[in-house]
Amino acid sequence: DKGTYPFYMLKEVDEQPNVMRKLAQTYLSEHGVPQIDDKLIKAMEAADRLYIVGAGTSYHAGLVGKRLFEKLAHIPTEVHVSSEFAYEQPMLSEKPFFIFLTQSGETADSREVLVNVNDAGYPSLTITNVQNSTLSREATYTLLLHAGPEIAVASTKAYTAQIALEAILAKALGEVTGQIVAQDFNIRQQLGLVATGMQAIVDEKDTLEKIANDYLMQSNRAFYIGRGIDHAVSLEAALKLKEISYVQAEGFASGELKHGTIALIEKDTPVIGFITQAKTAGLTRSNLQETMARGAKTLTIVREGLAIDGDDLILPDVDEMLMPLLSVVPAQLLAYYTSLNKGLDVDKPRNLAKSVTVE
Ligand code: F6R
């Protein structure tokens with residue numbers, strides 16, 4: 001039931017702070033110690049490489065997960081689009097471990113990969129929102145997202161839940177393998193800050209609606225740019241905008257723009273930059289300048305600690321690794337308001353179904 005909400009998507013965006021708290025309660029002890037099945041951790045510990053497989057938004061959550069597993073657990077991690085992996089399997093390491101990210105647990109493209117993984121006898125984990133779903137039943141292990149049903153076609157809370165759970169799992173694995181970064185990472189406190197930060201962002205709906213009207217309603221295309229983990233979020237931000245508002249949007253590695261795509265920038269093209277990582281903040285800022293010099297209408301979404309005068313949207317500070325959990329929220333809301341104010345059916349965009357059960 002969507003209660004007083006006009007669309008499920010807005011309700012689901014608003015539920016994200018609680019989903020973060022729920023995941024912390026479910027998977028962390030009072031002292032912040034991850035409570036993850038020992039057998040699962042042992043199986044992951046035995047692996048020499050992780051392969052994350054997913055489609056669409058779940059693939060995007062995997063791109064963030066790669067950073068978390070490599071940083072916290074120090075294990076090489078690859079991320080693959082399931083429909084590609086299924087028919088062009090990359091060379092595998094000696095002891096691969098597979099992680100399937102799938103909100104519905106029913107995506108045919110991802111299942112096709114799991115069938116092959118099972119045939120080859122490799123261990124796997126499905127991270128899903130739906131208990132007893134096909135991919136949950138068929139994988140060796142399952143972790144549930146506990147995000148509550150996601151009804152809107154555009155995935156929101158499942159994305160942030162997947163990232164938070166990947167962080168918990170990476171912390172658990174890193175602790176077992178003795179990684180100091182993992183030991184020092186106070187995930188319970190961080191997820192608490194994330195929940196509070198998300199709340200602050202969803203409380204700024206009026207500002208985001210205004211930005212959607214000023215920046216996105218007038219254009220039939222837009223760019224989201226960033227580097228590293230900010231690039232991963234820019235892909236998800238662009239997908240949200242495309243699928244519900246039909247604006248042609250691209251998520252782009254900001255440094256790559258000038259190698260060709262900047263030719264598309266003309267007067268008033270919206271270019272939105274994510275700046276949440278200290279190492280690349282200056283670089284993304286100059287890439288934004290380059291587009292501005294060609295007439296782009298730029299907007300910055302910046303972590304507080306990196307903000308300068310004139311920045312547009314300031315995000316509360318959490319550990320840089322977890323910034324995607326916050327930076328995606330304004331992008332979800334920008335997509336929402338663009339769709340809403342165009343009079344579109346936000347929850348049921350054309351040509352799309354909630355779960356894609358054909359390849
Ligand atoms: C986009 C969206 C899709 C799904 C994709 C995979 O908002 O929802 O891109 O993420 O179809 O679905 P699941 O996660 O159910 O495997």
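Each ligand, and each atom within it, is numbered from 1 in the order the structure gives. Side chains are part of it too, since the values below use all heavy atoms of this structure and drop only hydrogens, waters and symmetry mates.
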Q: Compare every heavy atom of P330 with every heavy atom of I301, then report the nearest pair and how far apart it is.
A: CG2-CG, 4.1 Å
**Q.** ligand 1 atoms in contact with K240 (distance to a heavy atom under 4.0 Å)
**A.** 1 (C), 7 (O)
**Q.** Q162, K240, E236 screened by side chain to side chain donor-acceptor pair (under 3.5 Å) with H60, the one that passes
**A.** E236
Q: Output yes when a side-chain donor or acceptor of T142 lies under 3.5 Å from a complementary backbone atom of S136, and no otherwise.
A: yes
Q: Taking only Lys NZ, Arg NE, NH1 and NH2, and the carboxylate oxygens of Asp or Glu, determine whether R294 and E266 approach each other closer than 4.0 Å.
A: no
Q. Which atoms of ligand 1 sit under 4.0 Å from any heavy atom of G56?
A. 9 (O)
Q: Heavy-atom contacts with A154 under 4.0 Å: which atoms of ligand 1 show up? List them by number with element.
A: 7 (O)
**Q.** atom 2 (C) of ligand 1: nearest protein contact (heavy atom, Å)
**A.** T57 OG1, 3.7 Å
Q | N or O contact, V153 vs ligand 1, cut-off under 3.5 Å | A | yes
Q: Could you tell me the residue and atom name of the protein heavy atom closest to atom 16 (O) of ligand 1, and the distance to it rounded to 0.1 Å?
A: T107 OG1, 2.5 Å
Q: Mark up the atoms of ligand 1 that fall under 4.0 Å of a heavy atom belonging to E243, in ascending order.
A: 1 (C), 7 (O)
Q. Using 30° and 60° as the class limits, which term best fits the ring planes of F274 and Y224: parallel, tilted or perpendicular?
A. parallel
Q) Among side-chain atoms of T102 and S58, is any donor-acceptor pair under 3.5 angstrom? A) no
Q: Looking only at distances, please establish whether an N/O atom of ligand 1 is found under 3.5 Å from an N/O atom of S58.
A: yes
Q) Looking only at protein heavy atoms, which one is nearest to atom 11 (O) of ligand 1, and how far off is it? A) V356 CG2, 4.1 Å
Q. Which residue holds the protein heavy atom closest to atom 5 (C) of ligand 1, what is that atom called, and what is the gap in Å?
A. A55 O, 3.5 Å
Q: Taking the six-membered ring for Trp and the single ring otherwise, decide whether the centroids of F97 and Y51 are under 6.0 Å apart.
A: no
Q.
Tell me if a side-chain donor or acceptor on D311 pairs with a main-chain N or O of L313 at a distance below 3.5 Å.
A. no
Q: Output the list of atoms in ligand 1 that are nearer than 4.0 Å to some heavy atom of S155, sorted by atom number.
A: 7 (O), 8 (O)
Q: Could you say whether the N/O atoms of T102 and ligand 1 ever approach to under 3.5 Å?
A: yes
Q) Got the closest protein heavy atom to atom 15 (O) of ligand 1, with its distance? A) S104 OG, 2.7 Å
(Q) More than 12 heavy atoms of other residues, nucleotides or ligands under 6.0 Å from CD of Q131: yes or no? (A) no
